[in-house]
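Residues take their numbers from the sequence shown, with the count starting at 1. Atoms within a ligand are numbered from 1 in the order they appear, just like the ligands themselves.
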Amino acid sequence: MHWKGLLHRYKEYLPVNESTPLLSLNEGHTPLIPLTHLSKEWGINLYAKYEGANPTGSFKDRGMVMAVAKAKEEGSRAIICASTGNTSAAAAAYGARAGLRCIVVIPDGKIAQGKLAQAKMYGAEIFAIEGNFDEALQMVQKMSEEEDFTLVNSVNPYRLEGQKTAAFELVDALDGAPDILAIPVGNAGNISAYWKGFKEYDAVKSSGLPRIHGFQAAGAAPIVNGSVVKNPETIATAIRIGNPASWKLASSALEESGGVIDSVTDEEILESYQMLASKEGVFAEPASCSTIAGLYKQHRQGVLPNGATVVAILTGNGLKDPDIALKTVKQEPIVIPNDFDLLRQQLKGCVV
Ligand code: F0G
């Protein structure tokens, strides 16, 4: 069956009516990849939900397709968002698709190059502030109150509606909820959306509920610390956030699911980032790899139940942030003259 995107596939669970345009870039339906090596090492059944396979390379497409379809339905002509990069890429793409102006406000110099390239290509109007994401979010919230812009950050409830579909896909693929869901936490919308999705499917299908394990970067861990971080700092720029908008919803998800939230250092994130790519062949951006780093930490602490089914949400594609990848792997290409004998000299007999 040809996949026609989320609004088509899950319309009975979404705020879709006859006047809602079935906007789509064929988002969703992302791979659930068994991580066989890590599963063996850690004694669990570990899967990665590879959200980097979405049309703009992150999970944001799930929420954005819903939010932009509703904006269009309601007659909006322009959308606005603050972003650490991925939201701006998704807003710009779906805005272009729907014929809406798209304004994005980003922290200057703190978003990955691939994401900036996307926002530019999709034709967004980009403002880079000398401030952080939290400050940008305050600005766009005010702007959307003063002018006729539709705010498409995850404080827009349609965003979470769209993003909850990832939980549906997991349950459909695994024939029930996993035991543990590991997820990065930034502005805390996605963790809240997953929990909503699991609960809604469980109410209809008795599919069960996972424990939610959330992970923040150590330099941007307000929920873990229990207080706002004024100047968040982490290499995982996607989750460089000090005052999450959906903090309360995330706390409920953690509490109701009997879950936990923990932080991982930049060193731990980078180690897992490289390990995931080089051991499993799965390339996800640093923020996404906070899940692998967090699970690795919990494995070392002995708190992952043997044999548990665990899903790590890999929220964004590794290609989004080539600079970090190139810096992380110290080994450089070996440059040689255009001469087969020299290549042979390097490689002869080296496979044993
Ligand atoms: N992973 C990636 C790759 C992200 O881009 C984000 C958030 C998160 C995780 C955290 O999700 O905010 O719902 O808790 N990125 C936003 C953005 C803030 O602007 O692209 P969250």
Side-chain angles (χ1 to χ4, degrees), residues 30 48-54 56-64 67 80-93 104-107 110-112 114-116 118-119 124 126 132-137 140 151-156 159-160 162-164 166 181-197 212 214-217 220-224 232 234-251 253-254 261 264 269 273 283-294 312-321 324:
T30 54
K49 179 76 169 155
Y50 193 69
E51 290 290 280
N54 275 300
T56 79
S58 88
F59 72 98
K60 303 287 182 180
D61 294 347
R62 294 179 183 277
M64 206 54 77
I80 191 166
C81 66
S83 183
T84 57
N86 282 321
T87 297
S88 61
V104 308
V105 182
I106 54 174
K110 294 292 183 178
I111 87 166
K115 302 174 188 180
L116 186 57
Q118 288 180 291
I126 306 169
N132 61 33
F133 169 84
D134 305 286
E135 291 157 338
L137 182 58
V140 296
L151 183 64
V152 294
N153 280 104
S154 56
V155 290
N156 175 330
R159 280 279 311 277
L160 300 199
Q163 282 170 216
K164 75 185 180 189
L181 183 92
I183 185 164
V185 178
N187 210 27
N190 210 30
I191 187 173
S192 312
Y194 269 88
W195 186 238
K196 187 171 198 295
I212 309 267
F215 297 105
Q216 299 194 295
I223 303 183
V224 179
T234 167
I235 191 130
T237 51
I239 52 172
R240 187 173 167 273
I241 294 174
N243 189 12
S246 298
W247 191 325
K248 281 211 182 91
L249 283 176
S251 299
L254 289 163
I261 186 150
V264 283
I269 290 174
Y273 169 65
F283 187 22
E285 67 169 285
S288 306
C289 297
S290 63
T291 55
I292 303 297
I313 308 303
L314 299 182
T315 43
N317 196 304
L319 292 170
K320 292 264 191 181
D321 199 343
I324 302 276

For this session: Determine whether Thr30 and Lys49 make a side-chain contact, defined as any pair of heavy atoms from C-beta on separated by less than 4.5 Å.
Result: yes

For this session: Run the numbers for me: atoms of ligand 1, each under 4.0 Å from some heavy atom of Thr315, listed by number.
Result: 1 (N), 2 (C), 3 (C), 9 (C)

Problem set entry | For Ile239, atoms of ligand 1 separated by under 4.0 Å from a heavy atom | 8 (C), 9 (C), 10 (C)

Problem set entry | For Thr87, the ligand 1 atoms whose distance to one of its heavy atoms is below 4.0 Å | 16 (C), 17 (C), 19 (O), 20 (O)

Exercise. Are any non-hydrogen side-chain atoms of Thr84 and Thr237 less than 4.5 angstrom apart?
Worked result: no

Exercise. Would you say Val185 has any N or O atom under 3.5 Å from an N or O of ligand 1, going by distance alone?
Worked result: no

Problem set entry | ligand 1 atoms in contact with Ile241 (distance to a heavy atom under 4.0 Å) | 18 (C)

For this session: Using the test salt bridge (Lys or Arg N to Asp or Glu O under 4.0 Å), find all partners of Arg62 that sit at least two apart in sequence or belong to another chain.
Result: Glu51, Glu169

Exercise. Are Leu137 and Asn187 side-chain neighbours, meaning at least one heavy-atom pair lies under 4.5 Å?
Worked result: yes

Exercise. Are a donor atom and an acceptor atom from the side chains of Ser288 and Thr315 found within less than 3.5 Å of each other?
Worked result: yes

Problem set entry | ligand 1 to Asn190 polar contact by distance, N or O atoms, under 3.5 Å | yes

Seminar exercise, completed: Checking heavy-atom distances from atom 4 (C) of ligand 1 to each of Ser290, Pro286, Ser88, Ala238, the winner is Ala238

Exercise. Does an N or O from Ser83, backbone or side chain, lie closer than 3.5 Å to an N or O of ligand 1?
Worked result: yes

Exercise. Just distances here: any N/O of Gln163 and N/O of ligand 1 closer than 3.5 Å?
Worked result: no

Exercise. Can you tell me which residue and heavy atom of the protein come closest to atom 11 (O) of ligand 1, and the distance to 0.1 Å?
Worked result: Phe59 CZ, 3.5 Å

Exercise. What residue and heavy atom of the protein are closest to atom 12 (O) of ligand 1, and at what distance?
Worked result: Asn187 N, 2.7 Å

For this session: Output yes when the distance from some N or O of ligand 1 to some N or O of Gly186 is under 3.5 Å, and no in every other case.
Result: yes

For this session: Could you tell me whether some N/O pair between Lys60 and ligand 1 is separated by less than 3.5 angstrom?
Result: yes

For this session: Answer side chain, backbone, both or neither: which part of Ile191 comes under 4.0 Å from ligand 1, heavy atoms only.
Result: neither

Problem set entry | Any residue meeting salt bridge (Lys or Arg N to Asp or Glu O under 4.0 Å) with Lys248, in chain and number order, not counting sequence neighbours | none

Problem set entry | Cys81 vs Val140 side-chain heavy atoms within contact, under 4.5 Å | no

Problem set entry | Validation row: Phe59, Asn190 side chains within 4.5 angstrom (heavy atoms) | yes

Exercise. Are Lys196 and Gln163 close enough that a side-chain donor and a side-chain acceptor fall under 3.5 Å?
Worked result: no

Exercise. Quick one: does ligand 1 sit under 4.0 Å from the side chain of Glu285, the backbone, both or neither, non-hydrogen atoms only?
Worked result: side chain

Exercise. Which of the numbered atoms in ligand 1 are below 4.0 angstrom from a heavy atom of Gly189?
Worked result: 13 (O), 14 (O), 21 (P)

Problem set entry | Val185 side chain near Ile239 side chain, heavy-atom distance below 4.5 Å | no

Exercise. Touching ligand 1 at all, Ala188? Heavy atoms, strictly under 4.0 Å?
Worked result: yes

Exercise. With distance as the sole test, does Asn317 use its side chain to make a donor-acceptor pair with the main-chain N or O of Lys320 at under 3.5 Å?
Worked result: no

For this session: For Asn86, counting its heavy atoms only, list the atoms of ligand 1 lying under 4.0 Å from any of them.
Result: 2 (C), 3 (C), 4 (C), 5 (O), 20 (O)

Exercise. For the side chain of Arg159 and the backbone of Val152, is there at least one donor-acceptor N/O pair under 3.5 Å apart?
Worked result: yes

For this session: Please identify which atoms of ligand 1 are closer than 4.0 Å to at least one heavy atom of Thr84.
Result: 15 (N), 16 (C), 17 (C), 18 (C), 19 (O), 20 (O)

Problem set entry | Min heavy-atom dist Ile183 to ligand 1 below 4.0 Å | no

